[in-house]
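Since the structure comes first, as structure tokens, the remarks are kept for the end.
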Amino acid sequence: MIRLTKLLLLLTALSASAQTTKSLVVLPYFSYSTYANAAQKQSAIISGLYGYYGIGLTHTIEADVNYSRIHYGNNPSRMHDLILRTNHFDIKQADLTLAYTNYRIKNLKLRLGMHTIFTDDPFTDKAAVLWAGVHRFVTNQYHAGIDLYQSFYPNYIPDLQVTQANATFGFYSGNYFRGGQLYFRTRGTYIRLNKEVGYTDTEYASVQQTVSYYKGKIRIAGFFWTGYRVFAVDNDGFAVFNLPERHIGALGSSVTYETSLKSRLTLTLSEGRLKELGIDRVVKYWNLTLAAGYNF
């Protein structure tokens with residue numbers, strides 16, 4: 001992990017000396033989730049800051065730091081369970097993500113990244129995710145790529161390792177200047193754990209479909225995914241689900257509005273389903289995320 005960090009910083013320094021055109025985007029965000037019918041989990045909040053630094057047309061550096069707090073307490077539907085009546089606590093967590101993308105080869109995107117976790121949860125504290133990806137694209141036509149993620153949880157007993165592969169294909173339809181443009185993206189995800197963590201299986205698969213519409217100052221997107229995910233890496237490496245929960249699907253939508261040539265606001269709403277370890281019923285959760293980006 002330390003070697004990868006040094007490599008990313010070295011690439012930043014080298015590309016900075018070779019290019020003159022630079023761009024910087026800063027995006028603070030806030031997210032709130034609430035859970036229904038969970039054994040103890042009630043809510044979660046995440047606040048963070050994402051940054052994008054572009055150097056010329058061939059290098060980008062992305063960084064994200066966030067703080068999350070998950071609240072556990074009595075569930076009104078299970079007040080008869082005495083063990084839950086006195087079990088109130090929060091899990092606090094900090095995440096740090098760093099990613100580098102290279103566009104030097106025409107129509108090819110190469111990615112490297114790392115994600116680290118520091119949390120009160122003793123089993124997933126000091127977890128780390130490393131990834132690499134290669135993508136082929138033609139602007140306003142299509143995009144196809146493969147990303148490989150390796151997650152390390154050294155405090156699990158015995159230590160847990162998770163391998164994940166994402167295969168993505170997307171294509172554009174329509175004309176942005178004449179009626180707007182559509183983007184359709186399909187992504188398949190395969191996850192393999194090096195040991196069973198309570199759900200019998202060690203392999204999980206899912207498929208996600210996203211449709212985005214671009215017109216003027218507005219971008220509207222909708223998505224859904226179905227299948228199974230455990231200890232998944234999402235959002236191109238920037239989100240890691242590090243609790244032992246089996247997610248079984250989600251859907252949502254987002255709206256982005258450009259308030260000016262340099263600023264934008266994004267609102268995202270989603271609903272998901274999961275199963276907790278040792279409990280058979282399905283838990284539903286809802287998420288609201290608000291982000292405000294500014295391009296310097």
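The figures that follow rest on heavy atoms only: side chains count, while hydrogens, waters and symmetry mates do not.
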Quiz prompt | Value rounded to 0.5 Å, distance of OG1 in Thr58 from OH in Tyr103 | solution = 10.5 Å
Quiz item: Just by distance, do the side chain of Asn166 and the backbone of Thr189 share a donor-acceptor pair under 3.5 Å?
Solution: no
Practice problem: Quick one: pull up CG in Asp234 and CD in Gln208 and give me the separation to the nearest 0.5 Å. | Solution: 6.5 Å
Practice problem: Assess whether side-chain contact (heavy atoms from CB on, under 4.5 Å) is satisfied between Lys215 and Arg178, documenting all intermediate values. | Solution: CA-CA 9 Å; Lys215 176 62 177 178; Arg178 297 179 182 178; over 6 Å; no
Quiz prompt | Nearest atoms (heavy-atom pairs only) where Leu27 meets Ala291 | solution = CD2-CB, 3.4 Å
Quiz item: Taking Asp125 for the side chain and Asp120 for the main chain, is one N or O donor matched with an acceptor at less than 3.5 Å?
Solution: no
Quiz prompt | Validation row: Thr119, Ile91 side chains within 4.5 angstrom (heavy atoms) | solution = yes
Practice problem: Evaluate the criterion side chain to side chain donor-acceptor pair (under 3.5 Å) for residue pair Thr289 and Thr268; output intermediate values, then yes/no. | Solution: CA-CA 5 Å; Thr289 300; Thr268 303; 5.6 Å; no
Quiz item: Would Tyr149 end up clustered with Tyr228 when hydrophobic side chains under 4.5 Å apart are linked, directly or stepwise?
Solution: yes
Quiz item: So if you build clusters from Ile, Leu, Val, Met, Phe, Trp, Tyr with side-chain heavy-atom gaps below 4.5 Å, do Val230 and Leu160 land together?
Solution: yes
Quiz item: Counting only N and O atoms by type, is there a donor-acceptor contact under 3.5 Å from the side chain of Arg281 to the main-chain atoms of Asn37?
Solution: yes
Quiz item: Val283 and Ala36: which non-hydrogen atoms are nearest, and at how many Å?
Solution: CG1-O, 3.4 Å
Practice problem: State the CG-CG distance between Leu290 and Leu269, to the nearest 0.5 angstrom. | Solution: 10.5 Å
Quiz item: When the ring planes of Phe238 and Tyr50 are compared, do they come out parallel, tilted or perpendicular, using 30° and 60° as the limits?
Solution: perpendicular
Exercise. Test Phe184 against every option in Phe223, Phe171, Tyr213 by the ring-ring contact (aromatic ring centres under 6.0 Å, His included) rule and name the one that passes.
Key: Phe171
Quiz item: How about Ile146: does its CD1 atom have over 12 heavy atoms from other parts shown lying under 6.0 Å from it?
Solution: no
Quiz item: Would you say the side-chain atoms of Tyr100 pair up with the backbone N or O of Leu110, donor to acceptor, closer than 3.5 Å?
Solution: no
Exercise. Could you walk me through whether Val129 and Gln150 pass side-chain contact (heavy atoms from CB on, under 4.5 Å), step by step?
Key: CA-CA 6 Å; Val129 182; Gln150 187 68 33; over 6 Å; no
Quiz prompt | Steps toward side chain to side chain donor-acceptor pair (under 3.5 Å) verdict (Thr97, Asp95) | solution = CA-CA 7 Å; Thr97 309; Asp95 290 59; 6.0 Å; no
Exercise. Following the transitive rule for hydrophobic clusters with a side-chain heavy-atom cut-off under 4.5 Å over Ile, Leu, Val, Met, Phe, Trp and Tyr, establish whether Val25 and Ile55 coincide in one cluster.
Key: no
Quiz item: Is there side-chain contact between Ser31 and Asn287, with at least one heavy-atom pair below 4.5 Å?
Solution: yes
Self-check item: From NZ (Lys217) to OG (Ser260), nearest 0.5 Å
Solution: 8.0 Å
Self-check item: Same apolar cluster (I L V M F W Y, side chains within < 4.5 Å links), Tyr53/Leu49
Solution: yes
Quiz item: Backbone N or O of Val233 within a donor-acceptor pair of the Gln164 side chain at under 3.5 Å?
Solution: yes
Practice problem: Evaluate the side-chain contact (heavy atoms from CB on, under 4.5 Å) criterion for residues Arg219 and Ser254: first the C-alpha distance (whole Å), next the side-chain angles of each, then the deciding distance (0.1 Å), finally the verdict. | Solution: CA-CA 8 Å; Arg219 174 185 179 270; Ser254 67; 3.9 Å; yes
Quiz item: Should the heavy atoms of other residues, nucleotides or ligands under 6.0 Å from CG of Leu277 be counted, would the total exceed 12?
Solution: yes
Quiz item: So, does Tyr199 use its side chain to make a donor-acceptor pair with the main chain of Pro244 at under 3.5 Å?
Solution: yes
Quiz item: Can you check side chain to side chain donor-acceptor pair (under 3.5 Å) on Arg185 and Thr168, steps first, answer last?
Solution: CA-CA 7 Å; Arg185 190 191 74 178; Thr168 303; 5.6 Å; no
Quiz prompt | Glu276 versus Ala39, closest heavy-atom pair with distance | solution = OE1-N, 2.9 Å
Quiz prompt | Polar side chain donor-acceptor pair, Thr202 to Arg192, under 3.5 angstrom | solution = no
Self-check item: Beyond-backbone contact of Leu148 with Trp131, side-chain heavy atoms, under 4.5 angstrom
Solution: no
Quiz item: Would you call Arg246 and Leu274 a side-chain contact if the rule is heavy atoms closer than 4.5 Å?
Solution: no
Quiz item: Is Lys41 positioned over the aromatic face of Tyr35, cation under 6.0 angstrom from the ring centre and no more than 45 degrees off axis?
Solution: yes
Quiz item: Hey, which of Tyr214, Phe137, Tyr172, Phe169 is the one that makes ring-ring contact (aromatic ring centres under 6.0 Å, His included) with Tyr183?
Solution: Tyr172
Quiz item: What class does the angle between the rings of His143 and His135 fall in, given that below 30° is parallel, 30 to 60° is tilted and above 60° is perpendicular?
Solution: parallel
Quiz item: What is the distance from atom CZ of Phe296 to atom CG of Leu24, rounded to the nearest 0.5 Å?
Solution: 6.0 Å
Quiz item: How close do Met114 and Thr116 get, heavy atom to heavy atom, and via which atoms?
Solution: CE-CG2, 3.6 Å
Practice problem: Establish, yes or no, whether a centroid distance under 6.0 Å links the rings of Tyr153 and Phe231. | Solution: yes
Quiz item: Does a side-chain N-to-carboxylate-O contact under 4.0 Å join Asp121 and Lys92?
Solution: no
Self-check item: Main-chain N/O of Leu261 paired with Glu258 side-chain donor or acceptor, under 3.5 Å
Solution: no
Practice problem: Give the intermediate values and the outcome of salt bridge (charged side-chain N to carboxylate O under 4.0 Å, His left out) for residues Arg187 and Asp236. | Solution: CA-CA 11 Å; Arg187 171 171 290 173; Asp236 296 323; 3.3 Å; yes
Quiz item: Is the backbone N or O of Ile117 less than 3.5 Å from a side-chain atom of Gln93, with the two atoms forming a donor-acceptor pair by type?
Solution: no
Quiz item: Can any side-chain N or O of Tyr142 pair as donor or acceptor with the backbone N or O of Thr139 at less than 3.5 Å?
Solution: no
Self-check item: Evaluation steps, side chain to side chain donor-acceptor pair (under 3.5 Å), between Ser47 and Asn66
Solution: CA-CA 6 Å; Ser47 56; Asn66 69 61; over 6 Å; no
Practice problem: For residues Gln161 and Phe152, determine if any side-chain heavy atom of one lies less than 4.5 Å from a side-chain heavy atom of the other. | Solution: yes
Quiz item: Which heavy atom of Asn155 sits nearest a heavy atom of Pro122, and at what distance?
Solution: CB-O, 3.1 Å
Quiz item: More than 12 non-hydrogen atoms from neighbouring residues, nucleotides or ligands closer than 6.0 Å to OH on Tyr156, yes or no?
Solution: yes
Exercise. Would you give the length of the straight line joining atom CZ of Arg69 to atom OG of Ser43, rounded to the nearest 0.5 angstrom?
Key: 10.0 Å
Practice problem: Treating Ile, Leu, Val, Met, Phe, Trp and Tyr as nodes and any side-chain heavy-atom pair under 4.5 angstrom as an edge, say whether Trp225 and Val211 lie in one connected cluster. | Solution: no
Self-check item: Any donor-acceptor pair under 3.5 Å from Lys195 side chain to Pro158 backbone
Solution: yes
Quiz item: Which residues pass the salt bridge (charged side-chain N to carboxylate O under 4.0 Å, His left out) test with Arg111, sequence neighbours left out?
Solution: Asp147
Exercise. Please step through side-chain contact (heavy atoms from CB on, under 4.5 Å) for the pair Leu98 and Glu62, ending with a clear verdict.
Key: CA-CA 6 Å; Leu98 186 64; Glu62 296 172 273; over 6 Å; no
Exercise. Grab the two heavy atoms, one from Ala127 and one from Pro154, that are nearest each other, plus how far apart they are.
Key: CA-CD, 4.3 Å
